[in-house]
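This report refers to the structure that appears directly beneath it.
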Amino acid sequence: TIRCELSVTEERGYYWLTLLEEGNLQTYTNPNPKGVQNVEVYADTFVTDAELTEDLDVVIEIFREFFQTGDVPRERFS
């Protein structure tokens with residue numbers, strides 16, 4: 001059995017999706033980043049908007065697929 005953990009963190013309207021699979025951490029890849037730099041998502045953890053989305057529908061879609069299939073759209077994570 002492969003253990004997968006999908007999580008989302010919200011900060012100031014940005015959503016940071018992470019997938020932990022057998023010790024390998026992958027993050028959501030935004031196909032249309034706006035160039036915003038260094039959004040703090042945890043204390044001392046900063047990411048760019050290339051790893052964030054402001055679209056809650058994207059978050060819901062990814063979680064729905066995860067719960068239905070046990071996997072995520074791989075093209076959205078790196």
Side-chain angles (χ1 to χ4, degrees):
T1 302
I2 297 175
R3 181 169 182 226
C4 292
E5 181 181 313
L6 179 63
S7 64
V8 63
T9 302
E10 186 275 338
E11 183 66 40
R12 297 188 321 240
Y14 291 99
Y15 300 96
W16 185 44
L17 291 147
T18 57
L19 177 68
L20 181 61
E21 184 176 41
E22 294 190 346
N24 182 30
L25 182 66
Q26 298 179 35
T27 60
Y28 171 78
T29 302
N30 186 341
N32 302 304
K34 295 179 181 178
V36 176
Q37 300 293 318
N38 298 329
V39 175
E40 185 175 7
V41 292
Y42 287 120
D44 299 327
T45 302
F46 294 87
V47 296
T48 69
D49 72 336
E51 297 176 279
L52 302 169
T53 183
E54 294 176 279
D55 190 342
L56 183 57
D57 290 335
V58 168
V59 175
I60 292 169
E61 176 186 328
I62 289 171
F63 269 87
R64 181 176 291 129
E65 184 167 338
F66 182 75
F67 288 126
Q68 290 175 344
T69 68
D71 206 354
V72 297
R74 295 300 172 154
E75 66 278 1
R76 293 192 172 185
F77 285 81
S78 60

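Given the structure is predicted, the values throughout are model-derived calculations rather than measurements. We number each residue from 1, following the sequence as shown.
Here the straight-line distance linking atom CG of Leu56 with atom OH of Tyr15 works out to 4.5 Å at 0.5 Å rounding. Distance CG/Leu17 to CZ/Phe66: 11.5 Å, rounded to 0.5 Å. Here Thr18 contributes atom OG1 and Gln26 contributes atom CD; the two are 10.5 Å apart, rounded to the nearest 0.5 Å. Taking OG1 of Thr48 as the reference point, atom NZ of Lys34 lies at 13.5 Å (rounded to 0.5 Å).
Here the shortest heavy-atom pairing between Thr53 and Asn30 reads CA-ND2, 4.3 Å. Residues Tyr28 and Leu52 share a closest heavy-atom pair of CE2-O, 3.7 Å. Looking at every heavy atom in both residues, Val72 comes nearest to Glu65 through C-OE2, 4.1 Å.
The environment of CZ in Arg74 is crowded: more than 12 heavy-atom neighbours from other residues, nucleotides or ligands sit within 6.0 Å.
Put simply, Leu19 and Val8 are part of the same group of oily side chains (I, L, V, M, F, W, Y) that touch within less than 4.5 Å, one to the next. Both Phe67 and Leu6 sit in one connected hydrophobic cluster of ILVMFWY residues. Membership requires side-chain heavy atoms under 4.5 Å apart, directly or through other members.
At distances below 3.5 Å, at least one donor-acceptor pair connects side-chain atoms of Glu10 with backbone N or O atoms of Gly13.
Using a 4.5 Å heavy-atom threshold, the side chains of Glu61 and Asp55 count as separate. A heavy-atom distance below 4.5 Å is found between the side chains of Ile62 and Phe77.
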